[in-house]
Amino acid sequence: MSVYIIAEAGVNHNGSLEIAKKLVDKAAEAGADCIKFQTFKAENLVSKYCAQAKYQNENTGKIQSQLQMLKELELSFNDFEEIKNYCDYRKIDFLSTPFDIPSIAFLNTLGMKFWKIPSGEINDLPYLMEIAKTGKPVVMSTGMCTLEEVETAVKILRQNGSGEISLLHCTTNYPTPYENVNLNAMITLRERFNCTVGYSDHTKGFEVSVAAVAMGAQIIEKHFTLDKNMSGPDHKASLEPDELKNTVSYIRNTEKALGCFEKKPDISELSNISAARKSIVAKRDIKRGEILTENNITAKRPGNGISPMKWFEVLGTAAVRDFKEDELIEL
């Protein structure tokens, strides 16, 4: 199965439908499988007393409540209908993460293939139950979570009728320093829950996404933006369009390089065997009937004669004919 690449636009549209459509264009041009947004009504998501996260304050340069910040980043349900139609036109999967129950009900009318549950909703019981009741597959990020919290959320989803569940390892820090990634935890999730796993990448570069694919990730989610210098909470931890395109290319090349688990010569190597391996050859001129010893035979390229692995089968036999120096020995 090909790695499913989600280009995470999130709220990097800054509340603009026009920018959202440009993000769709860039994700499609980069070769991503899917573009993901975030659907919410700010009043349903945060209280007026909720402060910004540290990274939100640092990245926006504004001291304001989360409610004030998110109000500026909202798109309407009608906007999302238009974005979904535009994604269909650009032939890229549309996905949006709901952050409240009314948004779940709305997005369920848009025909998304699966749900994407963000790390912050993994402990919201009514939310999880509402998602599960739709019966659709779920991809769930696990940032900020203990293994026990992931297990509880998975159990709730399964008990309430969820479709297949995939888990994304994640570190909820924007950007995530490399030393805080702990990519081996992705393997733990796969072994513990016997499910498809992937990685939601908040690092600045592309290296960890590529490493995750090499370690078996089947889903990669990566934030991107039109311009890292735009105002907003997530732009600085996002890739720009050219970087996204390169990342998709690196992932696809890594997929090709992984191959199968069987160790055998690749068809592309077969023509090189003769040039790269050795055969038993005459070390000097040899007369017919002369006994072959270490003094008159040796191993040299090309490899289209008797293999040196048969060295001791050849030693002590008589030359079947005259051989000139470097000529392939025959028995």
Side-chain angles (χ1 to χ4, degrees), residues 1-8 10 32-36 38 93-99 104 107-108 111-173 176 180-203 208-223 247-248 251-252 254-255 257-261:
M1 183 177 73
S2 181
V3 174
Y4 191 77
I5 302 175
I6 302 172
E8 165 72 276
D33 297 294
C34 173
I35 181 168
K36 186 178 86 68
Q38 297 175 6
D93 289 347
F94 166 82
L95 182 64
S96 191
T97 290
F99 281 81
I104 295 173
L107 288 172
N108 199 36
M112 294 192 311
K113 295 179 180 179
F114 61 93
W115 294 107
K116 171 63 204 311
I117 296 177
S119 299
E121 302 299 326
I122 205 166
N123 69 335
D124 186 340
L125 177 59
Y127 174 100
L128 294 175
M129 291 177 65
E130 201 67 26
I131 288 281
K133 284 190 290 186
T134 68
K136 286 184 179 180
V138 168
V139 175
M140 183 165 65
S141 285
T142 59
M144 305 176 290
C145 292
T146 64
L147 199 58
E148 291 70 28
E149 287 174 323
V150 177
E151 190 163 29
T152 297
V154 168
K155 184 178 180 180
I156 291 166
L157 289 169
R158 287 175 174 165
Q159 287 178 339
N160 287 276
S162 172
E164 182 180 357
I165 299 169
S166 302
L167 298 174
L168 303 187
H169 175 56
C170 173
T171 305
T172 307
N173 189 9
T176 300
N180 298 143
V181 169
N182 190 23
L183 198 54
N184 283 322
M186 182 182 72
I187 307 304
T188 300
L189 291 174
R190 182 173 61 198
E191 293 174 351
R192 178 69 171 265
F193 299 101
N194 190 29
C195 66
T196 297
V197 295
Y199 178 57
S200 182
D201 188 1
H202 298 149
T203 63
V208 183
S209 287
V210 171
V213 171
M215 292 173 67
Q218 287 295 305
I219 303 168
I220 293 293
E221 179 180 74
K222 185 69 176 173
H223 279 262
T247 300
V248 171
I251 288 172
R252 296 302 179 218
T254 302
E255 280 185 287
L258 287 173
C260 66
F261 288 92

Student: Find the distance between CG (Leu157) and CG (Leu128) and round it off to the nearest 0.5 Å.
Tutor: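 Between Leu157 CG and Leu128 CG, I get 5.0 Å after rounding to 0.5 Å.
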Student: Identify the two heavy atoms, one from Leu147 and one from Leu189, that lie closest to each other, and give their separation to 0.1 Å.
Tutor: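 That would be CD1-CD2, 4.0 Å.
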Student: Short question: side chain of His169, backbone of Val197 - any donor-acceptor pair under 3.5 Å?
Tutor: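 Flag not set: sc His169 to bb Val197 has no pair under 3.5 Å.
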Student: My understanding is that only one of Gln38, Glu8, Lys36 makes a side-chain hydrogen bond (donor to acceptor under 3.5 Å, both in side chains) with Thr97; could you say which?
Tutor: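 One option only clears the test, and that one is Lys36.
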Student: For the CZ atom of Arg190 and the CE atom of Met215, what is their distance to the nearest 0.5 Å?
Tutor: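 Answer rounded to 0.5 Å: 8.0 Å.
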Student: Side chain of Thr196, backbone of Ser166: donor and acceptor closer than 3.5 Å?
Tutor: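 No: the side chain of Thr196 does not pair with the backbone of Ser166.
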Student: What heavy-atom pair brings Ile131 and Pro98 nearest, and what distance separates the two atoms?
Tutor: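 Nearest pair, atom of Ile131 first, then Pro98: CD1-CG, 4.1 Å.
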Student: Okay, side chain of His202, backbone of His223: is any donor-acceptor separation there less than 3.5 Å?
Tutor: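 The answer is no, because no donor-acceptor pair under 3.5 Å joins these two groups.
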Student: Distance-only, no hydrogens or angles: does the Thr176 side chain make a donor-acceptor pair with backbone N or O of Thr171 under 3.5 Å?
Tutor: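 The answer is yes, because a donor-acceptor pair under 3.5 Å joins these two groups.
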Student: Within a strict 4.5 Å, meaning less than it, do heavy atoms of the Ile6 and Ile219 side chains meet?
Tutor: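 Yes; the side chains approach each other to less than 4.5 Å.
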Student: Under a 3.5 Å distance rule, please check whether Glu149 uses its side chain to pair with a backbone N or O of Thr146 as donor and acceptor.
Tutor: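 Judged by distance alone, yes, a pair lies under 3.5 Å.
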Student: Go through the structure and list residues passing side chain to side chain contact (heavy atoms under 4.5 Å, CB included) with Ala211, not counting sequence neighbours.
Tutor: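 Listed in chain order: Leu183.
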Student: Determine the minimum heavy-atom distance between Gly143 and Thr172, stating which atoms define it.
Tutor: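 The pair with the smallest heavy-atom distance is CA-OG1, 3.4 Å.
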Student: Please report the shortest heavy-atom distance between Val3 and Arg252, naming the atom on each side.
Tutor: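 It is O-NH1, 2.8 Å.
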Student: Yes or no on side chain to side chain contact (heavy atoms under 4.5 Å, CB included) for Tyr199 and Val213, after CA distance, side-chain angles and deciding distance?
Tutor: CA-CA 9 Å; Tyr199 178 57; Val213 171; over 6 Å; no
Student: Is there a side-chain contact between Glu191 and Ile187 in this structure, where contact means two heavy atoms from C-beta onward sitting under 4.5 Å apart?
Tutor: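 Yes; the side chains approach each other to less than 4.5 Å.
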Student: Any non-hydrogen side-chain atom of Leu125 less than 4.5 Å from a side-chain atom of Tyr127?
Tutor: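 A side-chain contact is absent here, since even the closest heavy-atom pair is not under 4.5 Å.
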Student: State whether the side chain of Lys222 and the backbone N or O of Thr203 hold a donor-acceptor pair below 3.5 Å, judged by distance alone.
Tutor: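 Indeed, once roles are kept as given, a pair shorter than 3.5 Å links the two residues.
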Student: Less than 3.5 Å apart, any donor N or O on the side chain of Asp201 or Ser209 sitting next to an acceptor on the other?
Tutor: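 Note: Asp201 and Ser209 side chains meet the donor-acceptor criterion.
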Student: Do the non-hydrogen side-chain atoms of Val154 and Met140 ever get within less than 4.5 Å of each other?
Tutor: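 In short, these two side chains touch, coming nearer than 4.5 Å.
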Student: Are Trp115 and Thr134 side-chain neighbours, meaning at least one heavy-atom pair lies under 4.5 Å?
Tutor: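 Result yes, sub-4.5 Å side-chain heavy-atom pair found.
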Student: For side chain to side chain contact (heavy atoms under 4.5 Å, CB included), just list the numbers for Tyr4 and Ile220, CA-CA rounded to whole Å, side-chain angles, deciding distance to a tenth of an Å, and then say yes or no.
Tutor: CA-CA 6 Å; Tyr4 191 77; Ile220 293 293; over 6 Å; no
Student: How close do Phe193 and Arg158 get, counting heavy atoms only, and between which atoms?
Tutor: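 Scanning both residues, the minimum pair turns out to be O-NH2, 3.8 Å.
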Student: Short question: side chain of Asn108, backbone of Ile104 - any donor-acceptor pair under 3.5 Å?
Tutor: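 Judged by distance alone, no pair lies under 3.5 Å.
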Student: Restricting to non-hydrogen atoms, name the atom on Ser96 and the atom on Met112 that form the minimum distance, rounded to 0.1 Å.
Tutor: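 So the minimum-distance heavy-atom pair works out to N-SD, 3.3 Å.
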Student: Which pairs count as salt bridge (charged side-chain N to carboxylate O under 4.0 Å, His left out) when at least one residue sits in residues 128-148, sequence neighbours excluded?
Tutor: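 Counting only pairs at least two positions apart or across chains, the salt bridge (charged side-chain N to carboxylate O under 4.0 Å, His left out) contacts touching residues 128-148 are Glu130-Lys133.
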Student: Any sub-3.5 Å donor-acceptor pair from Ser141's side-chain atoms to Pro118's backbone N or O?
Tutor: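 It does not hold such a pair.
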Student: Any donor-acceptor pair under 3.5 Å linking the side chain of Asp33 with the backbone of Ile5?
Tutor: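 Such a contact is found between Asp33 side chain and Ile5 backbone.
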Student: When you compare the side chains of Glu255 and Ser2, does any donor N or O come within less than 3.5 Å of an acceptor on the partner?
Tutor: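 Ser2 and Glu255 do have a side-chain donor-acceptor pair below 3.5 Å.
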Student: Do side-chain atoms of Thr142 reach the backbone of Cys145 as a donor and acceptor pair under 3.5 angstrom?
Tutor: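 Side chain of Thr142 to backbone of Cys145: no pair is present.
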Student: For residues 115-128, pull every pair meeting salt bridge (charged side-chain N to carboxylate O under 4.0 Å, His left out), keeping only residues two or more places apart or in separate chains.
Tutor: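 For residues 115-128, and leaving out neighbouring residues, the salt bridge (charged side-chain N to carboxylate O under 4.0 Å, His left out) pairs sorted by first residue read Lys116-Glu221.
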Student: Let me confirm one number: the OG-CG distance from Ser200 to Leu167, rounded to the nearest 0.5 Å.
Tutor: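 Going from the OG atom of Ser200 to the CG atom of Leu167 covers 12.5 Å.
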Student: Taking side chain as C-beta onward, heavy atoms only, is Phe114 less than 4.5 Å from Val138?
Tutor: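 They are not in side-chain contact.
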Student: Do Ile117 and Val139 come within less than 4.5 Å of each other through their side chains, counting heavy atoms only?
Tutor: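 Answer no - side chains too far apart.
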